[in-house]
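First up is the structure itself, then whatever we jot down about it.
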Amino acid sequence: MGKLQDKVAVVTGGNSGIGRAIAKRFVAEGAHVYIVGRREVDLAETVAEIGSSVTAIRADITKMEELDAVYARIVADGRKLDVVVANAGRAESGKLGEVDADLFDKIFNLNVRAAFFTVQKGLPLMTAQGSVIMVSSSLNNRSDSGMSVYNASKAAVRSLVKTFANELLSRGIRVNTLSPGPVDTPIVDTNSPTPEAAAAFREYAANEVPMKRMGRPDEVASGALFLASDESSFCTGMELRVDGGHAEL
Ligand code: NAP
């Protein structure tokens, strides 16, 4: 029997990188997983890769009506939710003098506002003893140049988790932060102007990590499985870093 046998989970950004690895692991452990993202092709590819017990919902979660439609679909399927993973995020950079309001809003709209409402709007569907996982970053308490907006957005996520965890104690719902370090996902390519720049970033990122390598999405999925399952039944409000020592050492 899997660690998430017969559980139902929603994973935003479940069609790529870390979210895709989480969805795959949850299904392998017996869950039915709803993956949410904007790109139809990646949604279809992920469903094909996982094979069964996975439902794709196309939605831009920064749009409240589309987020509502995600949960309406789960209700229409007659399901409750045991696990919510607020994972979708973006990571553009810019130094203090370069960031404009548009970039600032794009990052906070997705990483903070959409993550907040992903949890809020999922709550009515959640079972007692449910688990909420919010994906932050090892950068949430660091000072890497050019990352002020992203780092602040992920610090906000870390903060939300603490208050949500407190507010949801009475419902038995646990809320925890999952903070990956540099992980090799398509986000690196999305944020690099050329393949050469992406390769240079991968080398830089690996060197920044005390373990001298980038993480793999499946290593982060192992952390998500711990937080989603009864293995973490006495954990709430915590931060689990899966980062090769990036934030700790
Ligand atoms: P990724 O491969 O680029 O995945 C990002 C996901 O977010 C995609 O599935 C994307 O799907 C989804 N997404 C983006 N905007 C969305 C929107 N408006 N509505 C719905 N879905 C949206 O990146 P990743 O590396 O796996 O990152 C996943 C999370 O981990 C992010 O929160 C990121 O900040 C965090 N993180 C990553 C690293 C790392 O090094 N990779 C380190 C620390 C933390 P669509 O484009 O199809 O919408």
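Residues: numbered from 1 along the sequence shown. When reading the values below, keep in mind they use all heavy atoms of this one structure, side chains included, and skip hydrogens, waters and symmetry mates. What you are looking at is a predicted structure, and each value in this text was computed from that prediction instead of being measured. Both ligands and their constituent atoms are indexed starting at 1 by order of listing.
- Atom CD in Glu29 sits 9.5 Å away from atom CZ in Phe26 (nearest 0.5 Å).
- Residues with a heavy atom under 4.0 Å from ligand 1: Gly13, Asn15, Ser16, Gly17, Ile18, Gly37, Arg38, Arg39, Ala59, Asp60, Ile61, Thr62, Asn87, Ala88, Gly89, Leu110, Val135, Ser136, Ser137, Tyr150, Lys154, Pro180, Gly181, Pro182, Val183, Thr185, Pro186, Ile187.
- Side-chain atoms of Arg158 and Ser179 include no donor-acceptor pair closer than 3.5 Å.
- Note that the NZ atom of Lys7 and the CG atom of Leu81 stand 12.0 Å from one another [nearest 0.5 Å].
- In this structure, Phe104 and Phe108 have parallel ring planes: the angle between them is below the 30° cut-off, well short of the 60° mark.
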Can you give me every donor-acceptor pair (side chain of residues 115-122, partner residue at least two apart or in another chain, under 3.5 Å) with its distance?
unit_1: Thr118; atom_1: OG1; unit_2: Ala114; atom_2: O; d: 2.6
unit_1: Lys121; atom_1: NZ; unit_2: Asp68; atom_2: OD1; d: 2.9

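- Across Glu239, Arg241, Lys154, a single residue satisfies side chain to side chain donor-acceptor pair (under 3.5 Å) together with Asn140, and that is Glu239.
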